[in-house]
Amino acid sequence: MKRKRVLIVEDEQAVAKGLIYALRAEGYEVFWARTGAEAIELTSREQPDLITLDLRLPDLSGYDVCRALRSQNNRQPILMLTAKDEELDKVLGLELGADDYMVKPYGLRELVSRIRALLRRAYGELAATTEEQVQRFEGLEIDLTRLEVRLDGGVVDLTPTEFRLLQHLAARPNIPVTRSGLVEAVWGYESDVNSDRTVDVHIRHLRQKIEKEPANPTRLLTVRGIGYKFQG
Ligand code: CA
């Protein structure tokens, strides 16, 4: 299998070096951008499979970089690295399209395993589907071959994480799935307090994209005290 390529966007040299060393030891090909402008340039030139994005950069903010990358149709997972006080809602913001986040200071091993999980989820399981496979519901199609969601015939622009979240719930219509079950299935690691909120934020984004009235969802329903279910 081709080596996966990771772009690290980080202006602090010591932090970047530790991460580069750890990721190379895992067999990844690693690129390093110290500024937002460099990150955007390197992404278009090298097409990395995953990007870790520091929120505080000398030129642009991580938010701006994330938004710019998504607007240029880069669909790879983006893992935001934030300071504690950052607003999770904004970090995983709908218009930004980041897939996951970690709060500084983080453990290097934890970060590497998070990256491994995101890569595996994004390129491993779903990418292995070759036969025509479409989940069909009224007005909604989840195309596992093209990794595409269509709402009343039109393609909905989902991030890979949103796609996997919707797909996982839709594969179990009308069955409640816990937040921790979703974290393990979609993000690929064991859940904690923060990751439960990550699920909630992503569900909210999905509702904005596929529900006619996001505040009164008819497909992605909250199951109080448990988690969520897809109304099939
Ligand atoms: Ca920084």
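In what follows, residues are counted from 1 in the order of the sequence shown. Both counts, for ligands and for their atoms, begin at 1 and track the order of listing.
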Using a 3.5 Å cut-off and no angle test, enumerate the donor-acceptor pairs between side-chain atoms of residues 46-54 and protein atoms at least two apart in sequence or in another chain.
residue : atom : partner : partner atom : Å
Glu46   : OE1  : Arg5    : NH2          : 2.9
Gln47   : NE2  : Thr43   : O            : 3.2
Asp49   : OD2  : Arg5    : N            : 2.7
Asp54   : OD1  : Lys104  : NZ           : 3.0

**Request:** Could you tell me which non-hydrogen atom of Ala98 sits nearest to which non-hydrogen atom of Met80, and how far apart they are?
**Result:**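 Closest approach of Ala98 to Met80, heavy atoms only: CB-CG, 3.5 Å.
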**Request:** Please determine, by modelled atom types, if Arg67 and Ser61 share a side-chain donor-acceptor pair under 3.5 angstrom.
**Result:**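 Not at all, the side chains of Arg67 and Ser61 share no donor-acceptor pair under 3.5 Å.
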**Request:** Answer whether the closest heavy-atom distance between the side chains of Arg164 and Glu162 falls below 4.5 Å.
**Result:**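 Counting from C-beta outward, Arg164 and Glu162 never come under 4.5 Å.
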**Asked** If you leave out waters, which protein N, O or S atoms are less than 3.0 Å from the Ca ion (ligand 1)?
**Response**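 Only Asp11 OD1, Asp54 OD2, Arg56 O fall inside 3.0 Å of the Ca ion (ligand 1).
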**Request:** Mind jotting down which residue pairs meet the salt bridge (charged side-chain N to carboxylate O under 4.0 Å, His left out) criterion with at least one end in residues 168-185? Sequence neighbours excluded, please.
**Result:**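 Output for this query lists Arg179-Asp200.
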**Request:** Would you please name every residue forming a side-chain contact (heavy atoms from CB on, under 4.5 Å) with Ala170, sequence neighbours left out?
**Result:**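 Partners of Ala170 under the side-chain contact (heavy atoms from CB on, under 4.5 Å) test: Gln135, Phe137, Ile142, Phe230.
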